Amino acid sequence: MITTFYIPIKIISGVGCFAQLGAETANIGKKALLVTGKNAMRATGLLERALADLKRNGVETVVFDRIENNPRASTVDDGAAITRQEKIEVVIALGGGSAMDAAKGIVISSIGGKPIWHYVKTRQNISGDVPKLIAVPTVAASGSESNCGADMV
């Protein structure tokens with residue numbers, strides 16, 4: 001059996017690369033949903049740095065900071081509804097695997113218009129103008145930034 005994985009991703013890494021978030025985002029869209037947890041990114045100052053850089057680069061940003069560990073499907077569906085309502089062009093995950101997995105689900109559910117569990121169960125393909133996804137991992141070894149899977153409950 002031959003299996004082929006094609007997961008086109010661009011990875012930027014290195015000292016100071018966080019400062020490229022605004023410019024990279026502006027290259028693909030002007031309105032973003034920043035997906036993160038409630039406290040950690042605020043406590044470290046990364047959320048404020050990200051928002052300032054996005055603003056400097058002309059990206060209007062809506063913060064969705066309700067992501068819990070092992071994100072709930074209802075949280076993902078809420079993020080998808082905001083993405084549709086706000087006409088979001090780019091979804092940015094800022095955090096660990098939970099933020100990145102939730103952002104993936106938000107992208108899928110936002111374009112398809114059905115609850116995320118519909119797509120998990122049916123594996124239905126989506127089509128249309130899908131919001132782009134940027135993942136900014138803040139922890140080592142989750143791997144969610146470079147795969148097409150997602151965990152949620």
Side-chain angles (χ1 to χ4, degrees), residues 4-73 75-113 116 119-120 125-152:
T4 302
F5 291 97
Y6 175 70
I7 307 172
I9 59 169
K10 175 181 180 179
I11 297 177
I12 300 171
S13 66
V15 175
C17 69
F18 187 76
Q20 294 183 24
L21 177 61
E24 289 291 327
T25 304
N27 285 334
I28 58 176
K30 297 298 181 195
K31 191 159 188 186
L33 180 75
L34 196 148
V35 176
T36 192
K38 280 195 179 291
N39 300 317
M41 295 305 106
R42 286 190 196 281
T44 62
L46 286 178
L47 179 59
E48 287 72 23
R49 284 178 53 200
L51 292 172
D53 190 37
L54 290 161
K55 185 176 182 178
R56 260 191 313 275
N57 284 276
V59 178
E60 181 183 346
T61 307
V62 176
V63 175
F64 186 68
D65 63 355
R66 295 182 29 212
I67 305 305
E68 57 274 292
N69 291 335
N70 301 313
R72 302 186 62 76
T75 305
V76 170
D77 292 338
D78 290 347
I82 292 168
T83 300
R84 283 190 301 276
Q85 290 165 1
E86 295 288 333
K87 296 180 175 39
I88 298 295
E89 299 171 310
V90 184
V91 175
I92 302 168
L94 178 64
S98 292
M100 291 184 278
D101 289 350
K104 292 175 191 178
I106 287 169
V107 166
I108 291 168
S109 190
S110 71
I111 192 64
I116 189 59
Y119 302 100
V120 171
N125 288 328
I126 56 171
S127 63
D129 194 13
V130 178
K132 305 301 183 237
L133 176 65
I134 294 176
V136 182
T138 60
V139 297
S142 82
S144 287
E145 71 277 7
S146 61
N147 69 43
C148 58
D151 289 328
M152 56 196 78

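This one's a predicted model, so the numbers in the text were calculated from it and none came from an experiment.
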Separation of Leu133 CG from Ile28 CD1 (nearest 0.5 Å)
8.5 Å

From the list Ile108, Ile106, Val35, side chain to side chain contact (heavy atoms under 4.5 Å, CB included) partner of Val76 resolves to Ile106

Does the Asp77 side chain pair with the main chain of Ile116, one donor and one acceptor, at a distance under 3.5 Å?
yes

I'd like to know if Glu60 pairs up with Lys30 as an ion pair, taking the criterion as any Lys NZ or Arg NE/NH1/NH2 lying under 4.0 Å from an Asp or Glu carboxylate oxygen.
no

Student check: side-chain heavy atoms of Thr25 and Asn57 closer than 4.5 Å:
no

Using only heavy-atom distances, determine whether the side chains of Ser98 and Glu68 contain a donor-acceptor pair under 3.5 Å.
no

From Leu51 atom CG to Leu34 atom CG, the distance as rounded to the nearest 0.5 Å
6.0 Å

Heavy-atom closest pair, residues Gly97 and Val139
N-CG2, 4.5 Å

Please find the pair of heavy atoms, one from Ala102 and one from Ile67, that lie closest to each other, and give the distance.
CB-CD1, 3.6 Å

Using side-chain heavy atoms (C-beta onward) and a distance below 4.5 Å, is Phe18 in contact with Leu94?
yes

Measure from the side-chain N and O atoms of Ser109 to the backbone N and O of Gly105, and report whether any donor-acceptor pair falls under 3.5 Å.
no

Quick one: are Ile134 and Val91 in side-chain contact, heavy atoms under 4.5 Å?
no

Which pair of heavy atoms, one from Met100 and one from Gly95, lies closest together, and at what distance?
CE-O, 3.8 Å

Are the side chains of Glu86 and Leu33 in contact, using a 4.5 Å heavy-atom criterion?
no

As an exercise, state the distance from OG of Ser110 to CG of Asp129, rounded to the nearest 0.5 Å.
10.0 Å

Would you say Lys31's side chain and Val90's backbone share a donor-acceptor pair under 3.5 angstrom?
no

Glu89: which residues meet the salt bridge (charged side-chain N to carboxylate O under 4.0 Å, His left out) condition with it, sequence neighbours left out?
none

Quick one: pull up CD1 in Ile92 and CD in Glu24 and give me the separation to the nearest 0.5 Å.
11.0 Å

Validation row: Thr36, Phe64 side chains within 4.5 angstrom (heavy atoms):
no

Below 4.5 Å, heavy atoms only, C-beta onward: do Lys55 and Thr61 meet side chain to side chain?
no

Please give me the minimum heavy-atom distance between Met41 and Thr138, naming the atom from each residue.
CE-OG1, 3.6 Å

Where the side chain of Asp53 meets the backbone of Arg49, is there a donor-acceptor pair that is under 3.5 Å apart?
no

Answer yes or no: is there an ion pair linking Asp65 with Arg42, defined by an N-O contact shorter than 4.0 Å?
yes

Is there a donor-acceptor pair closer than 3.5 Å between any side-chain N or O of Thr83 and the backbone N or O of Ile88?
no

